[in-house]
Chemist: 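Okay, handing you the structure first.
Side-chain atoms are counted along with the backbone in the values below, which use heavy atoms only and exclude waters and symmetry mates. Order of listing sets the numbers, starting from 1, for every ligand and every atom in it.
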Amino acid sequence: MASIFKLLSLITLFLALIFQANGECSLSDIKIMHYTTNDYAHGMPVWKLNITNNCVCTQSQVKLNCTGFQTYLEDDPAILNAHENECLVKKGEPIHSYESLIFRYAWEPKFQFHPISSQIQCS
Ligand SMILES: *[C@@H]1O[C@H](CO)[C@@H](O)[C@H](O)[C@H]1NC(C)=O
Ligand SMILES: *[C@@H]1O[C@H](CO)[C@@H](O)[C@H](O)[C@H]1NC(C)=O
């Protein structure tokens, strides 16, 4: 009998952890890091962007504000697809926990990308 209670309390703890994890994630867990590179394209400096889902849960349909974004490098739509004023990350596919995506663009000055929306899926 005692073992059943032990099991139940373990399950409760487990569920509590899941709900806690769920509440811990938000759009602000999409971290965007900018790095300079030594490369130039058409006289414009090339920047490296590291987009990380810094969260235990998967996030999909991640969109960044791309109002005014321009680049001299050929876009890699598999990573960042600019459409009107929004950039869809990884074609909207799930970005898993702590997964990083690297994107390069060439422009001056560097562009400030801000996440505007995502769908958070905790399993
Ligand atoms: C991208 O950022 C993440 C989190 O800071 C880091 O773990 C990862 O190594 C970075 N990737 C590259 C290629 O810089
Ligand atoms: C996107 O950025 C532009 C320019 O900074 C700003 O005017 C606009 O309100 C932003 N849109 C969203 C949805 O944050």
Chemist: Between ligand 1 and the protein, find all N/O pairs closer than 3.5 Å and give the distance for each.
Modeler:
residue  : atom   : partner : partner atom : Å
ligand 1 : 2 (O)  : Asn50   : OD1          : 3.4
ligand 1 : 2 (O)  : Asn50   : ND2          : 2.4
ligand 1 : 2 (O)  : Thr52   : OG1          : 3.4
ligand 1 : 11 (N) : Asn50   : ND2          : 2.9
ligand 1 : 14 (O) : Asn50   : ND2          : 3.3

Chemist: Any idea which atoms of ligand 2 are less than 4.0 Å away from a heavy-atom of Thr67?
Modeler: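 Here the atoms of ligand 2 in question are 1 (C), 2 (O), 3 (C).
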
Chemist: Holding to ring pair (Phe, Tyr, Trp, His ring centres under 6.0 Å), I want the full list of residues that pass it with His83, two or more places apart in sequence or in another chain.
Modeler: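 Scan of His83 (ring pair (Phe, Tyr, Trp, His ring centres under 6.0 Å), adjacent residues dropped) gives none.
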
Chemist: Does one side chain, of Thr67 or Asn65, offer a donor that lies under 3.5 Å from an acceptor on the other?
Modeler: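 Their side chains do contain a donor-acceptor pair, which is all the 3.5 Å distance test asks for.
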
Chemist: List for me each residue that meets ring pair (Phe, Tyr, Trp, His ring centres under 6.0 Å) alongside Phe69, sequence neighbours excluded, and say none if there are none.
Modeler: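 Per chain and number, Phe69 pairs via ring pair (Phe, Tyr, Trp, His ring centres under 6.0 Å) with Tyr105, Phe111, Phe113.
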
Chemist: Check side-chain contact (heavy atoms from CB on, under 4.5 Å) between Gln70 and all other residues, then give those that pass, not counting sequence neighbours.
Modeler: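 With neighbours one apart ignored, the set is Trp107.
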
Chemist: If you count the atoms of ligand 2 from 1 in the order shown, which ones are under 4.0 Å from a heavy atom of Ile116?
Modeler: 12 (C), 13 (C), 14 (O)

Chemist: I'd like to know if Arg104 pairs up with Asp76 as an ion pair, taking the criterion as any Lys NZ or Arg NE/NH1/NH2 lying under 4.0 Å from an Asp or Glu carboxylate oxygen.
Modeler: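 A salt bridge is absent here (no side-chain N lies under 4.0 Å from a carboxylate O).
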
Chemist: Please check if the number of heavy atoms outside Lys110 that lie under 6.0 Å from its NZ is greater than 12.
Modeler: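 Enclosed.
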
Chemist: Transitively linked via ILVMFWY side-chain contacts under 4.5 Å: Leu101 with Val62?
Modeler: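 Leu101 and Val62: one cluster.
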
